[in-house]
Protein chains: 2
Amino acid sequence: MCAVQLQVRPGTAAFSKGQERVLKILQSAQELMIAGGYHNLTLRKVAAGAGISVGNLNYYYSNKQDLLRDLLDKVIESYVWEFDQVLQSAGESPEDQFVAIVKFIIEDIGTQETTHFFPELWALANHDEYAADRMDALYIKARAVLNHLIAILNPALTESSREQVALFVSASMEGLTPFAGFGKPWATQRPEITNIAAIGFLHLVTSITNESIQGGLSTPKSR
Amino acid sequence: MCAVQLQVRPGTAAFSKGQERVLKILQSAQELMIAGGYHNLTLRKVAAGAGISVGNLNYYYSNKQDLLRDLLDKVIESYVWEFDQVLQSAGESPEDQFVAIVKFIIEDIGTQETTHFFPELWALANHDEYAADRMDALYIKARAVLNHLIAILNPALTESSREQVALFVSASMEGLTPFAGFGKPWATQRPEITNIAAIGFLHLVTSITNESIQGGLSTPKSR
DNA sequence: CAATAAATAGGACCAGTGACCTATTTTATT
DNA sequence: AATAAAATAGGTCACTGGTCCTATTTATTG
């Protein structure tokens with residue numbers, strides 16, 4: 001659905017049969033990306049995976065860059081959608097909601113899709129402006145949930161400090177991907193690592209002050 | 001030095017002029033990787049960057065995989081070397097040493113070399129066994145420093161818990177790379193983020209218990 | 001049903017790319 | 001100086017990849 005909406009470039013179609021095709025194409029591309037990285041993403045393989053010819057693929061995506069961008073859009077949208085879901089559910093206390101989100105994200109890191117796709121995204125973002133933009137948009141959404149809860153858990157924080165804390169929490173969890181993600185050396189200890197993260201983040205979020213964030217780097221106890 | 005030592009495959013040389021050449025080749029490869037990712041790393045560009053012909057490059061590296069592996073070895077060795085330096089310096093209290101290391105690592109994340117190279121490494125490690133092995137070896141070294149200090153700061157932790165905490169701390173800092181690294185949206189706020197990390201990690205490391213890591217995920221205060 | 005648009009396949013083209021080979025020059029060794 | 005080894009350039013080759021073109025088939029619509 002979203003993919004077809006995004007496909008509004010001239011010369012491309014977005015109708016009946018085309019909708020399924022675009023979906024199949026993007027799914028094929030995503031599978032290739034997960035299986036072998038962007039390095040492994042060729043139009044011929046994408047076409048083969050989608051069960052169509054290269055010529056036909058070219059009918060939907062006149063160049064590789066367009067396909068890549070639509071792929072990024074599609075995958076990122078799916079994660080944004082997940083975050084929106086998390087934002088609604090919850091229910092309990094802010095603390096419990098916060099911990100629930102931490103657990104949700106670290107659990108998601110354990111899937112092959114996330115473990116393999118995101119490092120590709122981070123690498124792409126270093127050299128592709130569009131990838132960088134989409135990635136930024138995704139994580140802004142991801143941090144929105146955290147920001148909301150941190151504001152409740154620690155009302156004294158300025159907006160700037162709060163966003164810095166949210167960034168730290170979010171980035172920290174993302175950082176677990178190459179270490180405790182799918183098939184990684186620490187994958188089996190993800191439950192314990194999740195506990196460490198939940199405990200650490202919760203204390204940090206509730207106890208940190210604007211002064212210590214700005215301040216001259218002295219430890220909390222020393223001032 | 002290290003690069004030439006590693007270059008012991010049959011058919012290749014490691015002598016007088018060859019030493020400089022290998023260095024130049026690897027530097028050229030590293031620059032290309034940083035500038036455009038693995039995607040941008042071609043033998044012709046490497047040769048051009050090193051100021052030699054493709055045929056000559058082939059004399060030193062009979063195939064691209066060997067070159068990539070030597071490149072990974074070289075870069076990773078340089079980081080290992082840095083960690084060893086950090087391990088020696090220090091001097092102050094364990095708390096100060098710990099904070100110093102956190103600052104050192106997050107500062108390093110701000111360099112273009114680190115910001116661009118590591119996401120490539122993480123992506124490569126998803127599909128290349130050798131890259132995964134070398135990456136693992138690197139981070140074991142990086143965590144060794146943290147492990148050592150955590151053992152002092154929190155002697156009650158079991159070895160397993162301590163290593164999990166060290167992994168969390170290390171991975172968290174790495175996770176900042178795509179967000180607060182060189183040229184990234186939060187790069188300007190790296191000092192504040194560093195403070196947040198230092199404060200959060202130090203409290204976590206000194207106060208966490210084996211039970212809360214293993215335990216049923218209850219927050220510290222509730223037990 | 002005719003006509004128009006959408007969808008598809010097949011292939012051609014051309015710019016790389018990695019790998020390889022050979023001849024030549026430079027450097028080291030005796 | 002003579003010889004062997006190392007270092008280097010240049011070219012070739014098979015192949016892959018992105019892009020483009022054309023003809024054909026399949027829907028859609030008036």
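By convention in this document, chain letters (A, B, ...) are assigned in the order of the sequence lines, proteins followed by strands, and residues within each chain are numbered from 1. Side chains included, hydrogens not; waters and symmetry mates left out as well; all remaining heavy atoms used.
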So, using salt bridge (Lys or Arg N to Asp or Glu O under 4.0 Å) as the criterion, who are the partners of B:Arg134 when residues are at least two apart? B:Asp73, B:Glu77

What is the separation between atom [atom1] on [X] and atom [atom2] on [N], rounded to the nearest whole Å?
X: B:His39; N: D:dG17; atom1: NE2; atom2: P; answer: 12 Å
X: A:Asn63; N: D:dG17; atom1: CG; atom2: P; answer: 17 Å
X: A:Leu57; N: D:dT19; atom1: CG; atom2: C1'; answer: 11 Å
X: B:Leu43; N: D:dA9; atom1: CG; atom2: C1'; answer: 16 Å
X: B:Ile25; N: D:dA9; atom1: CD1; atom2: P; answer: 10 Å
X: A:Leu67; N: D:dT19; atom1: CG; atom2: C1'; answer: 14 Å
X: B:Asn58; N: D:dA7; atom1: CG; atom2: C1'; answer: 13 Å
X: B:Gln19; N: D:dA6; atom1: CD; atom2: P; answer: 14 Å

Against the side chain of B:Tyr60, the closest entry in C:dG18, D:dT8, D:dG17 is D:dT8

Among D:dT8, C:dG18, D:dT19, which is the nearest nucleotide to the side chain of A:Lys64? D:dT19

Protein-nucleotides 10-15 of chain C N/O pairs closer than 3.5 Å?
none

Hey, does the side chain of [X] come within less than 4.0 Å of [N]'s phosphate (OP1/OP2), counting only N and O?
X: B:Tyr59; N: D:dA7; value: yes
X: B:Tyr61; N: C:dA19; value: no
X: B:Arg21; N: D:dA6; value: no

Is the distance between the ring centroids of [X] and [Y] less than 6.0 Å?
X: A:Phe168; Y: B:Phe201; answer: yes
X: A:His127; Y: B:His116; answer: yes
X: B:Tyr139; Y: B:Tyr79; answer: no

So, A:Lys184 and B:Asn126: side-chain donor and acceptor under 3.5 Å apart, yes or no? yes

Look at all strands and tell whether B:Leu41 reaches a base, only sugar-phosphate, or nothing, counting heavy atoms closer than 4.0 Å. sugar-phosphate

Geometric cation-pi criterion A:Lys74 and A:Phe117, 6.0 Å radius, 45° cone: no

Atom pair CD (A:Glu31) and CD (A:Gln112), whose distance is rounded to the nearest 0.5 Å: 10.5 Å

